[in-house]
*Asks:* 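Below are the structure tokens for one structure; questions will follow.
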Number of protein chains: 2
Amino acid sequence: MNPVNLKQLAQELNLSVSTVSRALSDSYEISATTKAKVQQLARQLGYEPNPYASSLRRQKSKTIGVVIPEVANNFFSLAINGIEEVARENNYHVLIYLTHDDAQQEATIVQHFASGRVDGILASLAGETQDFSHFSKLQERHIPMVFFDRVCEEFATAKITTDDYRSGYQATQHLLDAGCRHIAHLLISDHLSIGQKRLQGYLDALQAHGLTPDPALLLRGTSNKDRNQTLIQELLQQNPAIDGIFASVETLAMSSYLACRHLGRRIPEDVKIISFSNLEIADLLDPPLTTIAQPAYEMGREAARILFKSILKNRPILPTQSQELKSTLIQRKSTATT
Amino acid sequence: MNPVNLKQLAQELNLSVSTVSRALSDSYEISATTKAKVQQLARQLGYEPNPYASSLRRQKSKTIGVVIPEVANNFFSLAINGIEEVARENNYHVLIYLTHDDAQQEATIVQHFASGRVDGILASLAGETQDFSHFSKLQERHIPMVFFDRVCEEFATAKITTDDYRSGYQATQHLLDAGCRHIAHLLISDHLSIGQKRLQGYLDALQAHGLTPDPALLLRGTSNKDRNQTLIQELLQQNPAIDGIFASVETLAMSSYLACRHLGRRIPEDVKIISFSNLEIADLLDPPLTTIAQPAYEMGREAARILFKSILKNRPILPTQSQELKSTLIQRKSTATT
DNA sequence: TTGTACGCGTTATCAT
DNA sequence: ATGATAACGCGTACAA
């Protein structure tokens with residue numbers, strides 16, 4: 001059984017292809033009776049319009065592309081939920097591409113979008129990305145694009161972020177208030193602006209409290225979790241004074257838990273830990289993890305909304321449409337004072 | 001700047017469209033020099049072939065559709081990782097659709113696939129699904145389809161599952177060995193075959209130990225976590241003898257943790273808990289959760305491999321290509337004997 | 001080795 | 001109210 005097309009419907013009904021097409025799109029110029037006949041047969045034969053023919057003709061793909069580092073990550077999977085919801089509301093389809101934090105792969109993916117496969121793009125940068133020329137080329141082609149979370153500052157488009165500087169400051173402040181004086185900061189990447197902002201918040205908070213940041217207490221995580229745990233263990237051993245850890249991403253907090261356990265450091269008695277995290281069950285950890293939770297779902301949704309506003313109204317996206325949402329610090333036992 | 005197409009390249013080079021087309025596909029009938037010229041200009045102008053025109057012409061979309069209940073779920077996000085990897089290896093694109101466990105939405109999505117938008121489908125059923133006719137229609141159209149995890153037994157196609165009966169038996173056995181005599185079983189849905197198998201394993205294990213299963217100890221979870229926690233609390237209160245919980249999915253285990261905490265039941269002293277789960281950090285929970293971990297990534301990968309074998313060789317998928325992978329019981333403190 | 005012509009399925013324009 | 005026709009961009013059979 002082959003896919004049914006307009007021609008077959010037309011033949012069956014002794015109508016022209018164009019009449020059938022119009023009947024199906026509920027055009028006002030078609031009589032009610034023909035409409036009914038056509039639509040009934042279409043339903044009966046399970047007719048589905050060929051989306052590629054339609055895309056070719058209309059120069060619209062009804063598809064958006066989502067480019068993210070990983071999907072097995074609470075933040076991104078929640079964001080996808082938000083994106084998918086808005087896409088469905090607009091009868092759009094969602095193509096997912098994973099960069100695995102590899103700039104080269106990201107470039108390949110984005111380059112492909114010059115083909116017209118998607119009407120718009122939602123992207124969160126690979127940690128490695130330093131050269132943004134692949135994105136610029138898309139801008140020249142006027143393909144609307146919204147960045148979320150791991151944004152590219154330089155681009156004249158909308159970006160959905162959270163108040164990373166403030167959160168970084170607040171997290172550090174929280175540890176200081178809890179009595180920590182030697183706070184390590186674990187970051188993801190040297191290149192991401194959100195990482196830089198969180199770092200700057202950390203540095204400023206320390207200095208505001210009369211403390212001199214110690215570069216030895218900064219650790220760049222890798223993509224390998226075992227390696228990260230080892231690095232953190234070494235950090236803790238080489239700097240026994242460390243009494244607080246501020247992790248920029250969830251996995252680094254988890255590696256810190258394992259490192260502490262391995263070294264016999266108690267949380268929060270010996271080391272207090274706070275982390276950016278969208279772990280739903282932070283409360284069920286041992287000990288419960290104090291988190292800065294980003295509104296991941298809302299970020300995905302807002303990014304998608306802005307994108308669709310542009311696609312549907314055929315207007316360029318302006319940087320002024322950017323939004324900065326608020327993260328929430330949720331205090332739990334991992335930073336409790338004894 | 002408009003998307004570049006073959007016509008423009010042809011004009012620029014004083015060649016015909018077909019020559020350019022052939023040069024780009026590295027056809028043997030084109031001279032090396034023209035090929036070089038064409039390819040250079042194509043690169044220079046950032047030419048990307050229009051995938052929709054190509055799909056229309058070739059009747060191939062180079063796209064697969066993935067239909068799953070949720071993405072914010074460790075099992076499914078890991079599976080997507082596996083799927084995406086295989087898709088990328090084959091230069092295919094991945095469309096993601098979420099059913100949110102709603103059979104109606106699933107039917108709508110699947111129905112749309114009759115349009116030819118995808119060359120193949122990977123699906124994991126919505127918990128609610130009872131009527132499978134939407135899938136049958138696709139089979140009539142010979143669109144290759146592989147089910148994974150939440151499979152539909154009735155279909156003559158490949159299914160990737162885990163040894164759910166054995167795991168259900170083993171999980172129950174594990175609790176029995178730990179001394180439990182009143183074991184509750186929390187399931188997702190009455191309709192999913194994997195749920196039925198796990199349940200059967202549970203029932204058989206009980207009976208093999210001379211215990212009579214008590215229907216009052218079976219609880220069907222909902223899609224609402226708070227509601228689930230309430231239900232579990234009621235279950236525990238109405239059946240104070242319960243000393244073991246076997247959860248069929250991770251969220252029900254987490255709700256059980258919260259329920260126990262709320263009621264002051266200690267884990268594992270008062271109640272031991274075991275659950276199907278792909279939580280990476282089960283070990284960091286309080287107490288660490290004994291899990292049956294499914295090879296989610298591998299399942300996605302294998303399902304995708306089978307699908308691509310069919311797509312690329314243009315052969316139907318046979319039920320004999322089905323695979324049953326092994327889950328692993330990882331014993332942790334939540335089922336420890338005191 | 002290259003060019004011409006057609007068709008994939010749909011939609012939009014122009015006629016009747 | 002309906003039909004004929006062209007075009008979207010690409011790939012291929014056939015011609016030259």
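Below, chain A is the first sequence line, B the second, and so on; all start at residue 1. Computed over heavy atoms, backbone and side chain alike; hydrogens, waters and symmetry mates excluded.
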*Asks:* Test: side-chain hydrogen bond (donor to acceptor under 3.5 Å, both in side chains). Region: residues 308-317 of chain B. Which pairs qualify, not counting sequence neighbours?
*Replies:*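 Residue pairs passing side-chain hydrogen bond (donor to acceptor under 3.5 Å, both in side chains), neighbours aside: none found.
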
*Asks:* Ignoring hydrogens and angles, state whether a donor on the side chain of A:H100 or A:Q105 is under 3.5 Å from an acceptor on the partner side chain.
*Replies:*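 A:Q105 and A:H100 do not have a side-chain donor-acceptor pair below 3.5 Å.
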
*Asks:* Using a 4.0 Å cut-off on heavy atoms, which residues in residues 47-58 of chain B reach DNA chain D? List them by number, or say none.
*Replies:*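 Per residue number, the list reads B:Y47, B:P49, B:N50, B:A53, B:S54, B:R57, B:R58.
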
*Asks:* If you take any heavy atom closer than 4.0 Å to DNA chain D, which residues from residues 12-23 of chain B end up in contact?
*Replies:*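 DNA chain D contact set from residues 12-23 of chain B: B:S18, B:S21, B:R22.
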
*Asks:* Name the nucleic acid region contacted by B:S25, choosing base, sugar-phosphate or nothing; use a 4.0 angstrom heavy-atom cut-off, strictly under.
*Replies:*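 Contact class for B:S25: none.
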
*Asks:* When you compare the side chains of B:S27 and B:S25, does any donor N or O come within less than 3.5 Å of an acceptor on the partner?
*Replies:*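 No, B:S25 and B:S27 have no side-chain donor paired with an acceptor closer than 3.5 Å.
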
*Asks:* Which heavy atom in A:I160 sits nearest to a heavy atom in A:V151, and how many Å separate them?
*Replies:*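 What the structure gives for the nearest pair is O-CG1, 4.0 Å.
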
*Asks:* Looking only at side-chain N and O atoms, does B:T34 offer a donor or acceptor that is under 3.5 Å from a partner on B:S31?
*Replies:*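 On atom types as modelled, these side chains qualify, holding a pair under 3.5 Å.
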
*Asks:* Within the supplied structure, the quantity of interest is the number of heavy atoms (other residues, nucleotides, ligands) at a distance under 6.0 Å from A:K7 NZ; does it exceed 12?
*Replies:*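 For A:K7, atom NZ is not crowded (no more than 12 foreign heavy atoms under 6.0 Å).
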
*Asks:* Going 5' to 3' along DNA chain C, which nucleotides are the first and last within contact of chain A (any atom under 4.0 Å from a heavy atom)?
*Replies:*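 It runs C:dG9 to C:dC14.
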
*Asks:* Report the residue (B:E29 or B:Q59) whose heavy-atom-nearest nucleotide on DNA chain C is the more 5′ of the two.
*Replies:*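 The residue whose closest nucleotide sits nearer the 5' end is B:E29.
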
*Asks:* Using a 4.0 Å heavy-atom cut-off across all strands, classify B:L6 as base, sugar-phosphate, or nothing.
*Replies:*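 Sugar-phosphate: the residue B:L6, judged by heavy atoms under 4.0 Å, touches backbone atoms but no base.
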
*Asks:* Parallel, tilted or perpendicular: which one describes the rings of B:F155 and B:F132, with boundaries at 30° and 60°?
*Replies:*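 Taking B:F132 first and then B:F155, their aromatic rings stand perpendicular (interplane angle over 60°).
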
*Asks:* Only pairs under 3.5 Å count here: list side-chain donor-acceptor contacts from residues 299-306 of chain A, not counting sequence neighbours, and write none if there are none.
*Replies:*
{"residue": "A:E302", "atom": "OE1", "partner": "A:Q323", "partner atom": "NE2", "Å": "3.2"}
{"residue": "A:E302", "atom": "OE2", "partner": "A:R305", "partner atom": "NH1", "Å": "3.0"}

*Asks:* Could you check B:I30 against A:K7 and say which one's nearest nucleotide on DNA chain C is further toward the 5' end?
*Replies:*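 Mapping each residue to its closest nucleotide by heavy atoms, the 5'-most match is B:I30.
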
*Asks:* Got a salt bridge between A:K62 and A:D119, using NZ or NE/NH1/NH2 to carboxylate O under 4.0 Å?
*Replies:*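 Judged by the 4.0 Å cut-off on N to carboxylate O distance, A:K62 and A:D119 do not form a salt bridge.
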
*Asks:* Does either side chain, that of B:S16 or that of B:T19, offer a donor lying less than 3.5 Å from an acceptor on the other one?
*Replies:*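 Looking only at side-chain atoms, B:T19 and B:S16 do form a donor-acceptor pair, the distance falling under 3.5 Å.
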
*Asks:* Please assess A:H112 against A:Y97 for the test ring pair (Phe, Tyr, Trp, His ring centres under 6.0 Å), listing each intermediate value before the final yes or no.
*Replies:* CA-CA 11 Å; A:H112 172 80; A:Y97 298 88; 7.1 Å; no

*Asks:* Give the first and the last nucleotide of DNA chain D, reading 5' to 3', that has any atom under 4.0 Å from a heavy atom of chain A.
*Replies:*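 Range of nucleotides touched by chain A: D:dA1 to D:dG9.
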
*Asks:* Evaluate the side-chain contact (heavy atoms from CB on, under 4.5 Å) criterion for residues A:L122 and A:V67: first the C-alpha distance (whole Å), next the side-chain angles of each, then the deciding distance (0.1 Å), finally the verdict.
*Replies:* CA-CA 6 Å; A:L122 297 173; A:V67 187; over 6 Å; no

*Asks:* Let me confirm one number: the CD-CG distance from B:Q11 to B:L13, rounded to the nearest 0.5 Å.
*Replies:*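 The CG atom of B:L13 is 10.5 Å from CD of B:Q11, to the nearest 0.5 Å.
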
